[in-house]
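The structure appears right after this line, and notes come after that.
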Amino acid sequence: MTTSIFDTRHYKYPQNFLEMKPKLTRLEQAIKKLEANLIDTAETKNIKLLKQRLDSGLGLKVDYASELNPDQLMAATTIDGKVLVIAGAGSGKTKTLTYRTSYLLENGVSPKEVLLLTFTRKAANEIKDRAKSLLASSLSNQELSDEELADDKLPTDKALNSITSGTFHSFCNMLLRQYSGLLGINPRFTILDTGDSEDAIDLVHKEKKYPTQTKTQAFPRKKTLQNIISTSRNRRVPIRDLIESSYPDIAVHIPIIEQLAIDFHEYKRANHLYDFDDIISQVVRHLKTNDTFRQRLQNTYRYVMVDEYQDTNIPQKQLIDLICEPDSVSLMVVGDDNQSIYAFRGANYENILLFGETYPNAKLIKLEQNYRSTPSVLNYINALSAQITLGYQKQLYSDAPIAGDKPIFRRLSDETKEASYITDKIVALKPEYDYNDFAVLCRTSFQSNYVQLEFMARNIPFIVVGGIKFIERRHIKDVLAFVKVLYNPNDTIAWHRILTLFKGVGAVTATRLTQAITADNNAFESLLAASFAKKSDQLKPLYHTLTKAQQAETVEAAIEHILEFYIPVLKLIEDNWRERSEDFRVLKNLATEHTSLDSFLENLALDPPNDSVAVMESSDDGQSNDKVTISTIHSAKGLEWPVVFVNSLVDGITPHHRSLDDFEALEEERKLFYVACSRAKTQLYLTAPNYFSSYSGYFDMASRFIAELSADEVTVETVKSPIKKNDDPIWW
DNA sequence: CCCTACTTCGAATCA
DNA sequence: CGAAGTAGGG
């Protein structure tokens, strides 16, 4: 029994643990049940099983046995039934999925039967690309010429391209369009991003003129409304319950919000608009009610793989379950319950824990060999992992011969000192490393400010991950609105956006115009109608622009026409229109990659350029690419660096003060810290200022996540006592 | 419909 | 405390 570094009795732990008990018991039972079905590759019968599989696959091109460790091999070669793979941090998860994909194909599975679902398109492409090169390189003994390789003529290339792989959203989007006939829907719909949804909610709210609400409590903002409606759907919690538990102060408005949610939904259906939630939920609805559709999918996708399963929400789980319902459909979900950090956007960590309950015959495989971190770092993150209350048993291990340095915890007098400590370390280590090898991970983006300042002052090149996305910039959204009405003249949200650009046109006129257009069979001509003659100076040019853009040969040309019209408008509304216009170059560049409006719009919605504006610009100007990464912990998931700094380890920031009195929220914070630390390959520095103060309060205790561990795992370089002296009896 | 005074609300982010 | 967004009068 090791003692913790600091006295943890000084921390107030959530009091709602007892209420949680029934839920936790159920989860524990499901975990236990699945643990009983663990395929332990150390057992003799499983060694035999693996050997058998390999012997029967002697003709295979890829040498699976020598490329994979036994657990990875077991995961890659288990092709039937329902399987959960717990893939610890740095355990070669992507590699395993890659090899499994190739193993399936080599075993005669038709690529059309394979469905691979991920959360980002990047992940989907990576697995596909790596499987391609894997199969291609193993074919090299067949003496293929470079040309043949380049021409995509390889049979394996073709095969892999007919695998269905992508994000949940892109898969469902494809289904809605491809099966539109069977489902009785219009395939020509537009996708609303979160901002568009907010606008739409606002619009519906204004149009419906609900009975006047009490003046005592203001009606919530559109952003809050969107959040409530979306959360209600993704967590399948009725609006009433959600508001009563999470937004108690707006409880008076519950009936109106409930009505608004319904009206918003009808509005979207009437105008062929789908928000991100609809794309998945509508497919789930059809799967539940349309037997032909469900059977069609069940017969098509016989081998389903899901990546990052711990991040799935309820509709996503339902989608998977509906497709994989027959025993004959093979399902392998891969994930790490220690890394479920997205509850705030609807992810349901219970999905991965209840897998054994959902599928009573499911098998469990664990990848515990770590290829990323030194034994010392591993030792630390294993200790963190042990603090997580609920989850599958796991112990990461490494073959690395050298233990490496223990993580270091250091407290500094304030945030400036904290930033300069980090900078000093980077300067000291730089001779051995590139800047690319360093990352500073922060709980909130605000926590990176001092670090950025210090880096600037000392000429350390860096990039900040996160921030405003290219696609979210106002002028980009404006231009896209024009493109959207070209594609779907029913896109009332886009119309509204365009029309309110004009002086003297507000919500009212815009709505009237939009109605006139949709009523007139979506003809742009209605812009010229006599009833709007007063605005004709503005509307005529708009009409001509849209008509010209519609006839344009390419997407890029259409955008050119739009810009001709839009840039003068932009000049009137934004002072910095010149800088902003720079972004249009980027937009046009993106457009050249697409031949049709729908593929252009679809791609921007489902696969937006992920970089912040700063990144997109700096990648253009030929600057060196060797930079320190400053990122939020959330954005760092899945990545790794040799040297990682985690800052602001003050109780109230990490864990965040808003999670301190909720058991589940605090557990998620713990997992977040686990994600941060498990990014490190060789050096891990943990830092905290002595205090942090803002509107939200004054915090001066070291993070409980540091305090809970023993000095066996971490070197404490603390200057000041980490804990404020507290002589109160502990039971007070 | 626009502008200003005032209230409100604070984290993280993918599609 | 400060930014962002709302309400309400002009």
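Please read these numbers as outputs of a predicted model, since none were measured by experiment. Chain naming here is simple, since letters A, B, ... match the order of the sequence lines and numbering starts at 1 in each.
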*Measure from CZ on A/Phe446 to C1' on B/dT13 and round the result to the nearest Å.*
20 Å
*Separation of the P atoms in B/dC14 and C/dA3, to the nearest angstrom*: 25 Å
*Within the modelled atom types, does a donor on one side and an acceptor on the other bring the side chain of A/Arg443 and the base of B/dA11 under 3.5 Å apart?*
yes
*asked:* Quick check: on DNA chain B, is the nucleotide nearest A/Leu672 upstream (toward 5') of the one nearest A/Ala510, or the reverse? Name the residue that is more 5'.
replied: A/Ala510
*Specify the separation, in whole Å, of atom CD of A/Glu198 and atom C1' of B/dA15.*
15 Å
*What integer distance in Å separates A/Leu601:CG from B/dA15:C1'?*
15 Å
*Ring centroid separation A/Tyr309 to A/Phe119 under 6.0 Å*: no
_Candidates B/dC9, B/dA15, B/dA11 - which lies nearest the side chain of A/His169_ = B/dA15
*Has A/Phe119 got its ring stacked on the base of B/dA15, with centres under 5.5 Å and planes less than 30° apart?*
no
*Give me the ring orientation class for A/Phe699 and A/Phe692: parallel if the planes are under 30° apart, tilted from 30 to 60°, perpendicular past 60°.*
parallel
*Look at all strands and tell whether A/Gln316 reaches a base, only sugar-phosphate, or nothing, counting heavy atoms closer than 4.0 Å.*
nothing
*Please state whether the phosphate of B/dA11, meaning OP1 or OP2, lies under 4.0 angstrom from any side-chain nitrogen or oxygen of A/Tyr695.*
yes
N/O donor to acceptor pairs below 3.5 angstrom from side-chain atoms of residues 443-453 of chain A, sequence neighbours left out:
{"residue": "A/Arg443", "atom": "NE", "partner": "A/Glu669", "partner atom": "OE1", "Å": "3.1"}
{"residue": "A/Arg443", "atom": "NH2", "partner": "A/Glu669", "partner atom": "OE2", "Å": "2.8"}
{"residue": "A/Thr444", "atom": "OG1", "partner": "A/Phe446", "partner atom": "N", "Å": "3.4"}
{"residue": "A/Thr444", "atom": "OG1", "partner": "A/Gln447", "partner atom": "N", "Å": "3.4"}
{"residue": "A/Thr444", "atom": "OG1", "partner": "A/Gln447", "partner atom": "NE2", "Å": "3.3"}
{"residue": "A/Gln447", "atom": "OE1", "partner": "A/Ser648", "partner atom": "OG", "Å": "3.0"}
{"residue": "A/Ser448", "atom": "OG", "partner": "A/Ser445", "partner atom": "O", "Å": "2.8"}
{"residue": "A/Ser448", "atom": "OG", "partner": "A/Gln452", "partner atom": "NE2", "Å": "3.0"}

*Do A/Arg269's NZ or CZ and the ring of A/Tyr274 fall within the cation-pi criteria of under 6.0 Å and 45°?*
yes
*Reckon A/Ser445 has a side-chain N or O less than 4.0 Å from the OP1 or OP2 of B/dA12?*
yes
*Nearest-Å distance, CZ (A/Phe168) to P (B/dT13)?*
21 Å
*Counting only side-chain N and O atoms of A/Ser659, is one of them less than 4.0 Å from OP1 or OP2 of B/dA11?*
no
_Length of the line joining A/Ile341:CD1 and B/dA12:P, which is rounded to integer Å_ = 13 Å
*Of the candidate nucleotides B/dA12, C/dT6, B/dG10, which contains the atom at the shortest distance from the side chain of A/Arg658?*
B/dG10
*Between B/dA11, C/dT6, B/dC14, which nucleotide gets closest to the side-chain atoms of A/His656?*
B/dA11
*A/Tyr247 OH to B/dT8 P: how many Å, rounded?*
17 Å
*Contact under 4.0 Å: A/Thr632 side-chain N or O vs B/dA11 OP1/OP2*: no
*Nearest whole angstrom, please: distance from the P of B/dC14 to the CZ of A/Arg345.*
6 Å
*Nucleotide nearest A/Ser635 when distance is taken to its side chain, options B/dC14, B/dA11, B/dA15*: B/dC14
*Distance between the P atoms of B/dA11 and C/dA4, in whole angstroms?*
12 Å
*Base, sugar-phosphate, or nothing: which does A/Tyr342 touch, judged by heavy atoms less than 4.0 Å apart?*
sugar-phosphate
_Separation of B/dC14 P from A/Gln226 CD (nearest whole Å)_ = 15 Å
_Quick check with a 6.0 Å cut-off and a 45 degree axis cone: is A/Lys671 positioned over the face of A/Phe673's six-membered ring?_
no
*Measure from the side-chain heavy atoms of A/His634 and tell me the nearest of B/dT13, B/dA11, C/dA4.*
B/dT13
*Fit a plane to each ring of A/Tyr342 and A/Phe344, take the angle between them on a 0 to 90° scale, and name the class: parallel (under 30°), tilted (30 to 60°) or perpendicular (over 60°).*
tilted
